[in-house]
Amino acid sequence: MADLRVGRRRDGAVWTDGAAPPVSWRTATPATGWTQASAHLLVTRGDGAVQEHVVDGPDAVLVPWPFPPLQPRERVRLEVTTTGSDGVRATPAAVEAEAPLLTAADWSADWVALPDAADDRPGQLRRGFVLPAEPVRARLHVTALGAYEVELNGTVVGDEVLAPGWTSYRDRVLVATHDVTAQLHAGENVVGAWLAGAWFTERYGFFGRATRAYAGPAALLAQLEVDLADGSRVTVGTDGTWTGRTAGPLLTSGIYAGEEFDATRHAPSWSRTTTGPGWSPVRVLADPGAARVPATAEPVRRTQEVAAVAVLTTRAGATVVDFGQNLVGRVRIRVQGPAGHTVTLRHAEVLEDGELATRQLRYAYSVDRYTLAGGEPEEWEPRFTFHGFRYLQVDDWPGEFDPAAVTAVVCHSDMARTGTFTCSEPLLERLHENVVWSMRGNFLSIPTDCPQRDERLGWTGDLQVFAGTAAVLHDCDAFLTSWLADLAAEQEHSGGVVPIIVPTAMESDREGVVAAWGDAATVVPWTLYERFGDTGLLARQYASMRAWVDVELAQADGDGLWSRGYQLGDWLDPRAPAHSPREGRTHPSLVASAYLFRSLDLVARSAAVLGHRDDAARYAALAERTRTAFLATYVTPAGRMVSEGPTTYAMALVFGLATDPDLRARLGRRLAEIVREDGYRIGTGFVGTPLVMDALCATGHLHTASRLLLQTEAPSWLYPVTVGATTVWERWDALLPDGSVNGHEMTSFNHYALGAVVDWLHRGLAGLSAAEPGFARLRVAPAVLPGLTSAGSRQVTPYGPAEAGWERTADRVRVTALVPPGATAEVELPDGTRHEVGSGAHAWEVDLTDELPATELRGLDTDLADLVDDPDALALVRAEVAAFDPGRALAFAGALRYEAGSTLRTALMFADPDGLHRVHAALTDLHDTRTTEETP
Ligand code: BGC
């Protein structure tokens with residue numbers, strides 16, 4: 001047995017997410033074809049009672065709690081023993097779990113705020129107390145409106161960063177529980193806390209019109225419960241007996257602004273004593289009313305440290321450290337110098353004209369300042385802020401600057417990494433790595449658009465398109481389960497409308513009913529159900545999913561299409577004007593109608609899973625009505641669509657709008673043609689990017705898919721990689737091909753949405769996906785793309801590690817798969833043969849000769865279509881043309897549009913004859929060289 005879990009978290013926390021946490025287990029066995037016949041669950045309750053339950057059959061993932069509910073504070077021991085279909089019993093596995101405080105009645109503490117402060121002024125709070133005997137068990141339950149860090153007798157409690165994280169604070173705050181037995185002792189003790197406003201007091205809004213989202217001061221709620229050897233319990237909760245101060249060392253703190261700390265005001269012993277000037281009673285607040293919810297997801301932690309790779313001196317003379325990786329977190333410094341001296345740290349993702357590029361941060365100042373206490377070397381890292389950066393400008397360093405004095409500390413929600421990818425193309429591997437970095441940086445308490453500028457907001461559309469990729473890379477079930485509770489809570493304030501940002505931060509967030517953004521309400525729970533087998537979550541979110549489609553239906557036209565209201569469309573289609581990213585090639589009403597279908601379809605399927613039969617039939621019929629209207633309105637009988645962009649076709653093919661095989665074939669052909677006409681440059685925005693590879697491969701256009709995927713010229717997935725990107729960019733051209741930074745203010749270098757192709761790299765290219773929820777059944781069906789010689793995916797599924805991959809050997813392909821115990825797999829090989837297998841390692845070999853088709857080079861008479869298919873020839877032509885007609889060369893630099901049968905000669909008509917001659921000669925040479933190489 002391996003990996004017995006209570007709840008959804010994967011960080012080993014013992015605290016349950018409620019009174020009835022789901023239970024999951026895995027059986028690690030080398031036996032092939034292993035399935036679980038039964039599982040025996042034995043729980044020893046807090047009072048010593050023993051209860052048993054038997055699961056008959058294969059269920060092992062997120063099994064609903066089969067025992068009477070846990071009591072608050074109850075600690076149980078759970079033991080699970082599985083028996084295989086072969087009758088063999090596995091070694092039992094055991095785990096301890098403890099319920100935190102579960103209801104309002106469990107609390108006696110009050111919410112408290114710092115004394116007499118401006119609402120967003122950070123500070124410290126503390127209280128002394130006496131324990132009459134040694135503690136045998138002590139728990140701290142703590143949360144805040146804002147962010148806190150607790151110290152007990154001078155030692156920090158736990159390893160969380162920016163706790164309790166951002167939630168829909170009007171509705172819910174997350175309570176963390178800590179075992180603090182070892183930090184207390186008989187006699188005098190002191191509990192202290194740092195407190196800052198963080199997300200709670202941040203000012204949100206664009207163009208300098210920022211306002212607070214929540215009213216009131218930052219506040220702390222803590223309850224320390226200490227059980228003593230004599231059986232008595234001492235409870236120390238936040239109340240009017242605590243004191244606080246804002247005149248301490250933490251001068252200012254803001255998520256966007258950064259932090260200022262004056263160590264001359266800092267006595268490290270402050271949380272070991274209760275005396276000292278400047279402390280006055282805290283303010284006791286009325287209960288703000290937010291539900292106190294046990295933290296159900298992994299908290300934000302420091303997960304990695306990155307050292308400087310270079311130090312530059314800019315033209316202006318500034319010292320800039322390069323960490324070699326665009327990352328999210330903050331910088332820890334080790335510094336020695338005179339008391340009162342201030343060091344300033346400025347952060348940026350890129351350099352512009354050799355200087356720190358801060359223009360793109362807009363109103364996010366992103367500066368930390370540390371004033372030295374003087375004397376011995378001092379270490380400091382800001383507490384309640386984070387930055388998105390690769391470069392750090394260090395101003396006013398005392399003495400000689402040593403890069404070893406600065407360390408980038410990477411922070412994000414501490415989810416388990418589950419998916420890794422390998423492939424014969426290093427650029428693709430780096431793209432994958434960049435997406436991992438962008439996910440880490442943007443899964444910081446909530447899923448955000450970006451981590452650096454004055455947003456860092458829970459844009460629903462960004463996550464909606466990325467959800468599949470997120471679920472491949474990390475176990476984000478717990479993380480997104482928590483965020484979806486915020487989404488549902490926010491929705492209730494707006495009559496079912498899903499705000500475009502969750503948690504909402506600005507009044508206008510709720511105004512629009514926006515397709516592809518609001519559809520996060522249906523797509524995300526469904527994705528978690530598919531990937532993690534989380535039926536419980538699907539059940540919990542069902543009301544939210546249905547409320548959202550009902551809102552969509554109310555917006556829709558009478559015939560089931562949706563063409564009304566402001567839409568964001570296929571956001572950031574590379575053909576859209578830089579200042580208006582919604583105006584791409586796909587008409588926004590097609591996006592809206594396609595998503596209406598998608599959400600209706602998902603609600604119908606969810607209803608079927610959950611046994612809501614009437615809903616299942618009703619929403620399936622509504623989905624069918626929209627599908628029929630979509631085809632009748634937007635698709636011609638010949639298989640063309642009215643908006644001729646790749647996203648349009650991809651939606652029709654992937655969402656299941658086009659189901660007739662003949663129509664699908666025609667749409668696929670036209671999609672492949674469009675991609676080729678675009679010169680194999682990417683032509684999709686947020687909406688189409690996760691779909692286009694699926695659409696091409698599902699209709700058999702593997703050559704086209706390969707060229708699109710492997711394209712390195714802008715715009716493409718790999719272009720950023722070739723110019724050194726280490727994260728995914730918001731815009732396809734955040735860095736322009738001439739090396740300059742895109743001039744538009746909305747230019748982030750860390751936005752995961754356009755990295756959503758990674759889901760396909762695993763499911764499609766490597767060929768590993770879930771055929772049944774939670775990977776109870778795998779599908780192994782790789783798309784063996786010409787131009788690549790191998791690809792592989794490894795995913796830690798709920799049943800255990802699974803793998804799929806392939807490798808070419810001359811004219812054969814070897815496909816391999818690893819199926820975890822308890823799961824089965826359906827396999828479809830590149831030659832079309834199908835197999836069924838059980839757990840264990842498997843391999844197959846099939847014949848496959850699949851080269852990219854050869855192009856025909858005929859000098860100036862080369863067909864333009866051939867030129868598009870031949871990157872080397874195209875580069876040659878471009879270079880030659882640039883020499884005699886730079887203006888015209890541009891035509892060959894962007895997407896090369898061609899008409900069937902047109903040749904290079906016609907494309908270059910009226911050009912300088914000498915130039916034409918050189919183009920002709922260059923292509924003829926290339927042709928000759930290739931022919932000689934082929935015939936030795
Ligand atoms: C955000 C996005 C978001 C978009 C929608 C941008 O400012 O960064 O990623 O989805 O706005 O309008």
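In this chain, numbering begins with 1 at the start of the sequence shown.
- The shortest distance between side-chain heavy atoms of S716 and R681 does not fall below 4.5 Å.
- Between H612 and Y542, the ring center distance clears the sub-6.0 Å criterion.
- In this structure, a donor-acceptor pair under 3.5 Å is absent between the side chains of S839 and T32.
- For the 3.5 Å distance criterion, the side chains of T855 and D870 qualify, holding a donor opposite an acceptor.
- Closest approach of W483 to P447, counting heavy atoms only: CD1-CD, 3.3 Å.
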Check your understanding: F443 and F479: ring-ring contact (aromatic ring centres under 6.0 Å, His included), yes or no, with the steps?
Key -> CA-CA 8 Å; F443 273 56; F479 176 94; 4.6 Å; yes
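- In this structure the side chain of W717 reaches within 4.5 angstrom of the side chain of L708, judged on heavy atoms.
- Between V6 and D17, the closest side-chain pair of non-hydrogen atoms is not below 4.5 Å.
- Paired with S438 under the rule side-chain contact (heavy atoms from CB on, under 4.5 Å), one option of L754, V728, T469 passes, and it is V728.
- Qualifying side chain to side chain donor-acceptor pair (under 3.5 Å) partners for S424, counting only residues two or more places apart in sequence or in other chains: T789.
- Contact between A650 and L691 at its shortest, heavy atoms only, is CB-CB, 3.8 Å.
- Contact check on R670 versus E673 returns a salt bridge, with a Lys/Arg side-chain nitrogen under 4.0 Å from an Asp/Glu carboxylate oxygen.
- The aromatic rings of F421 and H762 are tilted relative to each other, their planes meeting at an angle between 30° and 60°.
- Counting only heavy atoms from C-beta outward, the side chains of I682 and Q711 never approach each other to under 4.5 Å.
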Check your understanding: Would V591 and M651 satisfy side chain to side chain contact (heavy atoms under 4.5 Å, CB included), going step by step from the backbone distance to the final call?
Key -> CA-CA 8 Å; V591 174; M651 288 190 305; 4.2 Å; yes
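- Looking at every heavy atom in both residues, R676 comes nearest to V868 through O-CG1, 3.3 Å.
- Residues M415 and C476 share a closest heavy-atom pair of SD-CB, 3.9 Å.
- S85 and T35 are linked by a side-chain donor-acceptor pair at a separation below 3.5 angstrom, with hydrogens and angles left out of the test.
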Exercise for review: With side chain to side chain contact (heavy atoms under 4.5 Å, CB included) as the test, would you mind laying out the steps for S706 and L788 before giving the verdict?
Suggested key: CA-CA 8 Å; S706 172; L788 293 172; 5.6 Å; no
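- Judged by distance alone, with hydrogens and angles left aside, the side-chain atoms of T83 form no donor-acceptor pair with the main-chain N or O of G87 at under 3.5 Å.
- T418 places a side-chain N or O within 3.5 Å of a backbone atom of V472 that can act as its donor or acceptor partner.
- For the pair R605 and E530, the salt-bridge criterion is not met [side-chain N within less than 4.0 Å of a carboxylate O].
- Here the two rings, on Y752 and F466, have centers that are under 6.0 Å apart.
- With R26 contributing its side chain and P798 its backbone, the two residues share no donor-acceptor pair below 3.5 Å.
- One side chain, D869 or Y680, offers a donor N or O that lies under 3.5 Å from an acceptor on the other.
- Remark: side-chain polar atoms of R664 are not paired, donor with acceptor, to backbone N or O of A698 under 3.5 angstrom.
- In this structure, D614 places its CG atom where only 12 or fewer heavy-atom neighbours from other residues, nucleotides or ligands lie under 6.0 Å away.
- Closest approach of L41 to L78, counting heavy atoms only: CB-CD1, 4.4 Å.
- No hydrogens or angles considered: a donor-acceptor pair under 3.5 Å links the side chains of S599 and D519.
- In summary, the side chains of R627 and T659 do present a donor paired with an acceptor at a separation below 3.5 Å, with no hydrogens or angles considered.
- Rounded to the nearest 0.5 Å, atoms CG (L778) and CD (Q795) are 8.5 Å apart.
- Summarising the local packing, CZ of R417 is surrounded by more than 12 heavy atoms from other residues, nucleotides or ligands at distances under 6.0 Å.
- Taking 4.5 Å as the limit, some side-chain heavy atom of V757 sits within range of a side-chain heavy atom of M693.
- Counting only N and O atoms by type, the side chains of D570 and T647 include a donor and acceptor under 3.5 Å apart.
- S593 contributes no side-chain N or O that, together with a main-chain N or O of L590, makes up a donor-acceptor pair within less than 3.5 Å.
- Judged purely by atom type and a 3.5 angstrom limit, E803 has no side-chain atom pairing as donor or acceptor with the backbone of R794.
- A salt bridge does not link E298 with R9: every distance from a Lys NZ or Arg NE/NH1/NH2 to an Asp or Glu carboxylate oxygen is 4.0 Å or more.
- Side-chain N or O atoms of T722 include one that pairs as donor or acceptor with a backbone N or O of Y719 at under 3.5 Å.
- Annotation: the span from S38 atom OG to D59 atom CG amounts to 12.0 Å, rounded to 0.5 Å.
- Considering CG of L537 and CG of L480, their distance stands at 9.0 Å, rounded to 0.5 Å.
- A side-chain donor-acceptor contact under 3.5 Å links T82 and T27.
- Test L657, V523, V654 against R598 for side-chain contact (heavy atoms from CB on, under 4.5 Å) and you get one pass: V523.
- Residues V827 and T833 are not in side-chain contact: their nearest non-hydrogen atoms beyond the backbone lie 4.5 Å or more apart.
- There is a side-chain donor-acceptor pair under 3.5 Å between Q464 and Y595.
- Here the CG-CH2 distance, from D694 to W760, works out to 8.0 Å after rounding to the nearest 0.5 Å.
- The pair R834-E826 does not meet the salt-bridge criterion, since no charged nitrogen lies less than 4.0 angstrom from a carboxylate oxygen.
- Of the possible polar contacts, none joining the S482 side chain to the A478 backbone as a donor-acceptor pair under 3.5 Å is found.
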Review point. Going through the checks in order, is the side chain to side chain contact (heavy atoms under 4.5 Å, CB included) test met by V837 and V819?
Key: CA-CA 8 Å; V837 292; V819 182; 4.1 Å; yes
Review point. Should L473 and V758 be marked as a side chain to side chain contact (heavy atoms under 4.5 Å, CB included) after you check the CA-CA gap, both sets of side-chain angles, and the distance that decides it?
Key: CA-CA 9 Å; L473 295 176; V758 156; 4.0 Å; yes
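- Separation of atoms CD (E807) and CD (E845) is listed at 10.0 Å; rounding is to 0.5 Å.
- Taking the charged nitrogens against the carboxylate oxygens, D831 and R812 have no contact shorter than 4.0 Å, which rules out a salt bridge.
- Looking at every heavy atom in both residues, V784 comes nearest to P830 through CG2-CG, 3.6 Å.
- Under the rule for a ring pair (Phe, Tyr, Trp, His ring centres under 6.0 Å), the partners of H835 that lie at least two apart in sequence or sit in another chain are W844.
- Looking at heavy atoms from C-beta onward, H40 lies out of side-chain contact with V80 at the 4.5 angstrom threshold.
- Inter-residue side-chain proximity for W437 and H412 is flagged as unmet; no heavy-atom pair is nearer than 4.5 Å.
- Between E772 and R779 there is no salt bridge, since no side-chain nitrogen of the basic residue lies less than 4.0 Å from a carboxylate oxygen of the acidic one.
- Distance check, rounded to the nearest 0.5 Å: OH of Y649 to CZ of R666 gives 11.5 Å.
- Checking D477, D414, D3 one by one against R10, the salt bridge (Lys or Arg N to Asp or Glu O under 4.0 Å) holds for a single residue, D3.
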